[in-house]
Novice: 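Dumping the structure here so I can ask a few things about it.
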Protein chains: 2
Amino acid sequence: MNLRDLRYILAIAEHRHFGRAAEASGISQPTLSVQLRKLEELLGVALFERSSKAVVPTAACERLIGHVRAAVAEADAILSVALTLRDPLAGRFRLGIIPTLAPYLLPLVFAPLREALPALEVEPWEDQTSAIVDRLRAHELDAALLATDLDGPDLASRPLFAEPFLAALPPEHPLAARAVVEEGELARDILVLAEGHCLRDQTLAACGQSGALGGTLRAASLSTLLNMVAAGYGTTLIPGLAAGAAQDAGIVLRPLAAQAGRTVRIVWRARFPRRGAVDAVGDVIAARLRGFATGGATGAV
Amino acid sequence: MNLRDLRYILAIAEHRHFGRAAEASGISQPTLSVQLRKLEELLGVALFERSSKAVVPTAACERLIGHVRAAVAEADAILSVALTLRDPLAGRFRLGIIPTLAPYLLPLVFAPLREALPALEVEPWEDQTSAIVDRLRAHELDAALLATDLDGPDLASRPLFAEPFLAALPPEHPLAARAVVEEGELARDILVLAEGHCLRDQTLAACGQSGALGGTLRAASLSTLLNMVAAGYGTTLIPGLAAGAAQDAGIVLRPLAAQAGRTVRIVWRARFPRRGAVDAVGDVIAARLRGFATGGATGAV
DNA sequence: GAATGTGATAGATGACATCTATCAAGCCTG
DNA sequence: CAGGCTTGATAGATGTCATCTATCACATTC
């Protein structure tokens, strides 16, 4: 049985005339006669009583036509819903973001995203890199904003912008007197985030392993770390987008001699079909952040 | 779009594996891949994200699959309902019957019909010949039991049994002394039904036109006529099946010399598709009435 | 009785679903 | 890490079947 045949039934039932029903269906009258007869043979039931005077639905047809209408209506609904879904820049877009980026980046890009992609419902999901990647692979996220390189064979990514790190110092710290700070000089009293945050690893990689203070402090968020630094408990590196929040907390910021930093990338499954949405979101974020990293630090692990 | 394709979608969504879905659908894996891709192109929406590891429905697929399920379910409903409707000996069967036949025939054949054709819901419709034929032509009846010949090009019929007429006399009537009555002898004081009843015309045809009494009496039913005869108001012809009722009313019955009578036929539209039901009903009635007309009077107009 | 209108039939044709054979990519194991 | 296994994609051949045009058969109408 075929949806086409079902539409033929409806046409005949409506016009009660093979010629006009065929015309309305865009086929010839013989085709319609043959197809209807085949369908009747398939169903084992006569659907219309024909004569040269009139075409009248049988009782069996009356019983069936409700289901026929419903089937055709559902098929049409599929087409019409698909039409609205056709735009890859529409619908839910679940975007994972790491915690050291989300609170500072989202306020910047939310309005531009909404303006550029009004039909795209961007749903941010804040979590650590490994959890985000898991969810990405499990199709529970559509894309993610990460600061690590991890193109596996199943994932693809594209850099959006370079984010330099800055030295975050208590105002009374000796290094605060310098205009530029050497990364290694921070190692002595550096504070880092709890395990799992990529910024922790990147900070330690840039400054050299110390972890004397980092081992005792379990800072789950960057803002905790900032407050600790402001209180004179130690120093740290912060990503450039957090500069505003750090200064608000009363922290002294200094550029780094080796221009350590990280590159924020958008990551997606290589097979993800809505590549257009990924590119569009990436474009908007990259445009908003253009010119942010004058230093142009790139690609720390 | 095709129902087959929709079933493919459901198979893939269920198995999440092209090979197994193809096997379950009874086709090869390449066919399934090609068909799904074509459907995706038609809809303009990716339905599944494929990799050699997993096949995952897209968000668009999740939105659509409800309609897909509904469409397929309705199509299945068509097939299943058609299967129950397939038996022509099942369902409503609207049967017109003339008033001079219905009250005497129906009690005889109702039980045999029910036993022989338990799935056929015979709905008797009592009316005069012309009204019945109109309803038959208007598809408001499926068949009719008539006592007249009227095979037009659009109607067909088949004789079921011959029903002899009997002379109905008041007990004190002079003719009641005879064993056999000549049809013409009844003409003087014969009573007939109101216009429109075929029995009226048949009676007048058999006995010769008189109508002196018939003109003043407007008897709408045979039982009225019987009561008039019993009261000595006149004589009449009655169809054989009414003999029992006539005798109960205290009427004397006598056979007719020329064996006037009528043939009861089942009539249907020549194009009516449930010919099997017509034949089956006719068979049951003819079998029940077999041996009824020993005289074998046939075919008065 | 010719003209008109109706659905059914016959034979030709083209589109397309399907097949087998094969490839490309990724995963697992020894 | 190489080779085998699994998975979906691709290519080319093939047969089915929907569709067409031309025509018929039948009934109605003027």
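In what follows, every chain begins at residue 1, and chains take the letters A, B, ... in the order their sequences are listed. Treat the numbers as computed from the prediction; the structure is a model and nothing was measured.
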Novice: Ignoring hydrogens and angles, state whether a donor on the side chain of B/T84 or A/R63 is under 3.5 Å from an acceptor on the partner side chain.
Specialist: no
Novice: Think B/K53 has a side-chain N or O under 4.0 angstrom from the OP1 or OP2 of D/dT7?
Specialist: no
Novice: Is there a side-chain contact between A/K38 and the phosphate of D/dC17, meaning an N or O under 4.0 Å from OP1 or OP2?
Specialist: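 A/K38 to D/dC17 OP1/OP2: no side-chain N or O under 4.0 Å.
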Novice: Please state how far atom CG in A/L6 lies from atom P in D/dA18, giving the value in whole angstrom units.
Specialist: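 From A/L6 CG to D/dA18 P: 13 Å.
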Novice: Please determine, for the side chain of B/V34, which listed nucleotide (D/dA18, C/dT18, C/dT9) has the closest atom?
Specialist: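 Given the options D/dA18, C/dT18, C/dT9, the side chain of B/V34 is closest to C/dT18.
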Novice: Round to the nearest Å and state the distance from A/E23 atom CD to D/dC20 atom P.
Specialist: 12 Å
Novice: Using atom CZ of A/R37 as one end and atom P of D/dA18 as the other, report the distance to the nearest whole Å.
Specialist: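 It works out to 12 Å between those atoms.
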Novice: When you check the phosphate oxygens OP1 and OP2 of C/dT18, does a side-chain N or O of B/R4 lie under 4.0 Å from one of them?
Specialist: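 Yes, such a contact exists.
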Novice: Rounded to the nearest Å, what distance is computed from the CG atom of residue B/L36 to the P atom of nucleotide D/dG8?
Specialist: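 That distance rounds to 11 Å.
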Novice: Expressed as a whole number of angstroms, how long is the span from B/L42:CG to C/dA17:C1'?
Specialist: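 Between C1' of C/dA17 and CG of B/L42: 15 Å.
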Novice: Phosphate oxygens OP1/OP2 of C/dG5: is one of them under 4.0 Å from a side-chain N or O of A/H17?
Specialist: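 Answer is no, no contact under 4.0 Å.
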Novice: Quick test of your reading of the model: are B/E163 and B/R262 salt-bridged, counting only N-O distances below 4.0 Å?
Specialist: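 Looking at B/R262 together with B/E163, the answer is yes, because their closest N to O distance falls below 4.0 Å.
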Novice: Where the side chain of B/F18 is defined as all heavy atoms beyond and including C-beta, which of D/dA18, D/dA9, C/dT18 is the nearest nucleotide?
Specialist: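 For B/F18, the side-chain atoms sit closest to D/dA9.
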Novice: Answer yes or no: does a side-chain N or O of B/R50 lie under 4.0 Å from OP1 or OP2 of D/dT7?
Specialist: no
Novice: Taking 4.0 angstrom as the limit, do B/D283 and B/R158 come out as a salt bridge?
Specialist: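 Result for this pair is yes, salt bridge flagged.
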Novice: Hey, does the side chain of A/T31 come within less than 4.0 Å of D/dC20's phosphate (OP1/OP2), counting only N and O?
Specialist: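 Affirmative; the distance criterion is met.
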Novice: Mind calculating the distance between CD (A/E40) and C1' (C/dA8) to the nearest angstrom?
Specialist: 13 Å
Novice: To the nearest 0.5 Å, tell me how far B/R7 CZ sits from B/I9 CD1.
Specialist: 12.0 Å
Novice: Whole-Å distance between C/dA25 C1' and B/Q29 CD?
Specialist: 14 Å
Novice: Out of D/dT21, D/dG8, C/dC19, which nucleotide sits closest to the side chain of A/S28?
Specialist: D/dT21
Novice: With a non-hydrogen cut-off below 4.0 angstrom, is A/Y8 in contact with a base, only sugar-phosphate, or nothing?
Specialist: sugar-phosphate
Novice: Just the rounded figure in Å: distance from C1' of C/dA8 to CD of A/E49.
Specialist: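 Going from A/E49 (CD) to C/dA8 (C1'), I get 16 Å.
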Novice: Go nucleotide by nucleotide along DNA chain D from the 5' end; which of B/S51 and A/N2 gets its closest nucleotide reached first?
Specialist: B/S51
Novice: Relative to the 5' end of DNA chain C, which residue comes earlier, B/R271 or B/P30, by the nucleotide with the nearest heavy atom?
Specialist: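 The residue whose closest nucleotide sits nearer the 5' end is B/R271.
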Novice: Should B/D154 and B/R271 count as an ion pair when the cut-off is N to O under 4.0 Å?
Specialist: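 Judged by the 4.0 Å cut-off on N to carboxylate O distance, B/D154 and B/R271 do not form a salt bridge.
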